[in-house]
Q: 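Submitted below is the structure of interest, expressed as structure tokens.
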Amino acid sequence: MKAQLIPPQVYGPGRTEPNSTIYAPQCLQWVGNEDSRNAGTKSTEMSQTEVSQMKQKQLPVPLGTLIGRELRNIKVEKPTVKYGQAALAKKGEDYFLIQLDCQRVPGNPSTSFSLFAIFDGHNGISAAIFAKENLLNNVLSAIPQGLGREEWLQALPRALVAGFVKTDIEFQQRGETSGTTVTFVVIDGWTVTVASVGDSRCILDTQGGVVSLLTVDHRLEENVEERERVTASGGEVGRLNVFGGNEVGPLRCWPGGLCLSRSIGDTDVGEFIVPIPHVKQVKLSNAGGRLIIASDGIWDALSSDMAAQCCRGLPSELAAKLVVKEALRSRGLKDDTTCLVVDIIPYDHLVMLPTPKKKHNSFTSRIFGKRSQNSTKGTTKLSAVGVVEELFEEGSAMLSERLGKDFPLDSNSGIFRCAICQVDQPSSDGLSVNSGQFFSLASKPWEGPFLCASCRRKKDAMEGKMANRPAVIA
């Protein structure tokens, strides 16, 4: 019985071309019945001529066979990312961004990661468009060069904070008054990092059937911690007054009347409306998971569980359309409605496997699905179902708590780099985020991170230490 060769079937950049051959002298694929294979193994003696011919021929093995053997013997590092998008416009202020070919190291495809983001604008579209066009670059510029993958992922949460604040400063300098929520999702292998301001939301649906929030809603109506922060920073929180002194509508902050406590833009609102995002980073098991990223037009109509359950077992393209359809059926088109469904699945799966039905465990959901604003940096916490590892979570609105302390001044050059705008400055032109109005050894003002004068004014304003109205630079 002779070994039959199957021609390679995998084409594309960096892969085997139709006429090329991969040689593996000691690996053969047999095509035939069991008797013929056994017959070959029973012959224990071969002539020297036959042995010589076998060595010289170096029979090729199909690329598909080699890949199959590798997949059976080693863990595939990167999953497949598939996505679907659907939207219905009411005011036309929702925007989204999808990039599958981002690279940590430019020109190196092995460092690729994916980005999915939703920008829900209000009072106009300019802030949403500006954030869509500039936020990613501002985030990447805040990550030091030359980092390996693990170090890059560890630096990402802080870079997201810096990128959000820088984008806000740059937009406010334009003098425009619109604002936007942002839900910004970075997927690198099995690691998912989500940064968000406002009330757009990202949820994770895993094979275990547990739906968990990866964001925190910054609505004053629902978030007590944010209400307390806004009032402590000099803002006022209340409802609209109508005839007769009756209060209507959701809680809003004044001046401005915004019902959110965090956003990018909103130049005409007090600086207590901050652009500092809640950031959460998790690592999925190799079973994968599904992300549903959507604007509040979806979440005002559907709960997180309803959105996840209505599209399970469907390809991501159909899933996104069905979520929008369910929201429309439930509430009608009251607002712009945008939904991205992203499946992070094993290499050899075409779609997310349907989640088996099981009884809802409210205790389990409370453990993993809680909306904690407390940091878990430096700790490893496993979810109750053992399929998601929580790597990082922080939601503080205090900039000094979010930037860390590992930005030492270069004493040789006397130059420091602003942790927000990434501009090199002489040491006399800036201050550490740890320095206060009065010099104190306890505050360690010589330690980083350092801020330039402009970014320092932004920090003070967000903390209620100066006039709320931002300075607009023509």
Side-chain angles (χ1 to χ4, degrees), residues 122-123 127 158 160-173 177-182 195-199 215-240 247 249-279 371-375 394-404 419-421 431-438 440 443 445 449 451-472:
H122 48 263
N123 195 25
R158 182 172 58 196
L160 286 163
V161 173
F164 271 61
V165 176
K166 181 180 180 181
T167 303
D168 180 73
I169 293 173
E170 291 176 340
F171 178 75
Q172 289 194 354
Q173 289 174 347
T177 58
S178 70
T180 186
T181 74
V182 180
S196 62
V197 292
D199 57 358
T215 53
V216 168
D217 288 349
H218 297 128
R219 282 188 175 181
L220 292 166
E221 183 73 33
E222 303 169 0
N223 196 316
V224 177
E225 293 180 25
E226 287 294 282
R227 290 203 299 268
E228 294 175 348
R229 181 189 62 78
V230 168
T231 55
S233 299
E236 296 182 9
V237 176
R239 304 182 195 278
L240 285 172
E247 295 184 339
L251 287 175
R252 301 174 184 272
C253 62
W254 306 95
L258 192 64
C259 60
L260 304 173
S261 60
R262 303 194 194 190
S263 69
I264 286 179
D266 292 307
T267 309
D268 57 338
V269 182
E271 287 280 13
F272 41 77
I273 305 302
V274 301
I276 301 176
H278 172 272
V279 179
R371 299 183 182 184
S372 172
Q373 296 256 26
N374 298 324
S375 171
E394 177 62 82
S396 171
M398 301 296 291
L399 194 58
S400 58
E401 296 178 4
R402 303 299 298 276
L403 294 177
I420 298 299
C421 65
L431 291 171
S432 164
V433 297
N434 301 306
S435 57
Q437 294 179 342
F438 302 98
S440 168
S443 67
L451 301 179
C452 65
S454 175
C455 293
R456 177 64 191 227
R457 287 194 296 269
K458 176 70 173 180
K459 171 186 176 294
D460 289 344
M462 290 190 295
E463 296 175 359
K465 297 177 182 178
M466 60 180 294
N468 292 329
R469 294 258 178 205
V472 177

Q: Under 3.5 Å, is there a donor-acceptor pair between the side chain of E221 and the main chain of N223?
A: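 No, because the side chain of E221 does not come within donor-acceptor range (under 3.5 Å) of the backbone of N223.
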Q: Could you tell me whether E463 and K459 make a salt bridge, using a distance below 4.0 angstrom between a side-chain N and a carboxylate O?
A: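 Looking at K459 together with E463, the answer is yes, because their closest N to O distance falls below 4.0 Å.
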Q: Please name all residues satisfying side-chain contact (heavy atoms from CB on, under 4.5 Å) with E170, sequence neighbours left out, ordered by chain then number.
A: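 Checked E170 against side-chain contact (heavy atoms from CB on, under 4.5 Å); matches are F130, N138, K166.
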Q: Going by heavy atoms in the side chains, are R219 and E226 under 4.5 Å from each other?
A: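 No; the side chains remain at least 4.5 Å from each other.
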Q: Quick one, C452 and C421 - any side-chain contact, counting heavy atoms below 4.5 Å?
A: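 C452 reaches C421 side chain to side chain.
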Q: Any side-chain heavy-atom pair from H122 and L258 closer than 4.5 angstrom?
A: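 Sidechains of L258 and H122: in contact.
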Q: Rounded to the nearest 0.5 Å, what separation is found between the SG atom of C253 and the CD1 atom of I273?
A: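 The SG atom of C253 sits 3.0 Å away from the CD1 atom of I273.
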Q: Are side-chain heavy atoms of R252 and L240 found at a separation under 4.5 Å?
A: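 Counting from C-beta outward, R252 and L240 do come under 4.5 Å.
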Q: Restricting to non-hydrogen atoms, name the atom on R158 and the atom on L403 that form the minimum distance, rounded to 0.1 Å.
A: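 Shortest heavy-atom separation between R158 and L403 comes out as CD-O, 2.8 Å.
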Q: Identify, with sequence neighbours excluded, every residue that meets side-chain contact (heavy atoms from CB on, under 4.5 Å) alongside T177.
A: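 side-chain contact (heavy atoms from CB on, under 4.5 Å) check on T177 returns N123, D268.
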Q: Please confirm whether the backbone N or O of P277 pairs with a side-chain atom of R402, one donor and one acceptor, at under 3.5 Å?
A: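 Pair found, side chain donor or acceptor close to backbone of P277.
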Q: Does the side chain of T267 pick up a donor-acceptor pair with the side chain of Q172 at under 3.5 Å?
A: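 Absent: no donor and acceptor within the cut-off.
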Q: With the side chain counted from C-beta on, respond yes when L251 and R227 share a heavy-atom pair under 4.5 Å apart, and no when they do not.
A: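 Touching, per the 4.5 Å side-chain cut-off.
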Q: Identify, with sequence neighbours excluded, every residue that meets side-chain contact (heavy atoms from CB on, under 4.5 Å) alongside E228.
A: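 Listed in chain order: V224.
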Q: Of the non-hydrogen atoms in R229 and F272, which two are nearest, and what is the gap between them?
A: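 Closest approach of R229 to F272, heavy atoms only: NH1-O, 2.9 Å.
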